[in-house]
Amino acid sequence: MAGVKVAVVTGGNKGIGLAIVRALCKQFKGDVYLTARDPKLGEEAVRALKEKEGLSPLFHQLDINNLQSIRTLGSFLKEKYGGIDVLINNAGIAFKGADPTPFGTQADVTLKTNFFATRDICNELLPQIKPHGRVVNVSSMLSSSALKGCSPELQKVFRSDTITEEELVTLMEKFVEDAKKGVHQKEGWPNTAYGVSKVGVTVISRIQARELNEKRKNDGILLNACCPGWVKTDMAGPKAPKSPDEGAETPVYLALLPSNADSPHGELVSEKKVVPW
C-alpha cells in the first residue's frame, strides 16, 4: 500500500479529534486512521461515521501514554504504508476548574499526557513522516496566556529560537516538581497546569520544526502547533461558542496545506492565521 497516503489522528473517538477525522475523511485523498486508547470507544466512533455519515475511517488502538502502544502503531504504519503523510496529535486531557484533585497531582497527570506523551509520539513517529508530510500538534490559545503569566526569565527561555528539547523537558519537569511542593508561583510559573502543558506543546513544535529544517531541509515537511478555539466538548464544557466541526477547521487546514507550500512552519496558528509567540 506504499502508494496510498495515510493520515493519523490521536484521541479521535470524540470531540475535536472525531471532528478532525470526519473532515479528513471528506477532504484527504487517502486512508484516515481514527486512533483511541479504548478500542471499544474507537470502534464505536468508526462505526458511527460509517453507518450514519457514509464515511470510511479505519481504526487503530493507540494509548499515547504507552510507549509500546505508540511503537506498535508505528510499525503497523511503516509496514503497510511505508510511513505517514499526515499526523495530528490531538489527544489531551484537562481537569475541570472545580476539580478537588491537588494541584501538584493535576500538574503531574496533565503534563504526562499533554506534553510528555505528545513528545514520545513525535520522537517515535516523526522519522516516519514522508516528504511533503504534515504534522499538527493541537495546542491552545491558553498556551499564549500561560506564557504571559510566566516570569520574564521563563518567557525569554520559552520564546528563544535556540532552546533545545532537553532544556524544555527539564523545565516541564521542574514545573511539576514546583507544583508538587506548592512553590510554582513563587518560581515564576502561572497557576494553570493545562496552560503550562500547552506552552510545552507549542515550544516543542517550534523545536521540532527547527530540527526538520536542519535534518530534512529538502523534504518539504511542515509542522505546526495550532489552537482549535473554545469548542463545545466534554473537556471544555457546553458554554463554548464553537462546534467540534468548527474547532477542526484550523488543524485540518494545516494538515492539508498544498504540497508546494513552504509555510506556515514552526508556528502557532489560530483561525488559520499565525499568532505571534
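These numbers come from the heavy atoms of this one structure, side chains and all, not from hydrogens, waters or symmetry mates.
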Answer yes or no: is there a donor N or O on one side and an acceptor on the other, between the side chain of [X] and the main chain of [Y], under 3.5 Å?
X    : Y    : answer
T10  : N90  : yes
D99  : T101 : yes
H132 : S259 : yes
K130 : Y81  : yes
N224 : L268 : no
K5   : V32  : no
D85  : G133 : no
T250 : K272 : yes
D31  : V6   : no
Q27  : L256 : no

Roughly how far, to the nearest 0.5 Å, is [atom2] of [Y] from [atom1] of [X]?
X    : Y    : atom1 : atom2 : value
I64  : R119 : CD1   : CZ    : 13.5 Å
E165 : R210 : CD    : CZ    : 10.5 Å
T35  : Q61  : OG1   : CD    : 8.5 Å
E44  : L34  : CD    : CG    : 11.5 Å
D63  : L73  : CG    : CG    : 11.5 Å

Aromatic ring proximity F76/Y33, centre distance under 6.0 Å: yes
Contacts of E177 that satisfy salt bridge (Lys or Arg N to Asp or Glu O under 4.0 Å) - sequence neighbours left out: none
Over 12 foreign heavy atoms within 6.0 Å of CZ, R216: yes
Min side-chain heavy-atom separation I129-V135 under 4.5 Å: yes
Given Y194, W189, F158, the one that forms ring pair (Phe, Tyr, Trp, His ring centres under 6.0 Å) with F175: W189
Selection residues 240-252 - residue pairs positive for salt bridge (Lys or Arg N to Asp or Glu O under 4.0 Å), sequence neighbours left out: R22-D245, K242-E271
Pairwise salt bridge (Lys or Arg N to Asp or Glu O under 4.0 Å) hits with a residue in residues 64-73, at least two apart: R71-E124
K181 and E187 ion-paired at < 4.0 Å: no
Lys/Arg N to Asp/Glu carboxylate O, R206 vs D161, below 4.0 Å: yes
Any donor-acceptor N or O pair under 3.5 Å, side chains N137, S205: yes
Between S197 and T110, a side-chain donor and acceptor under 3.5 Å: no
For P251 against I88, the heavy-atom pair lying closest together: O-CD1, 4.2 Å
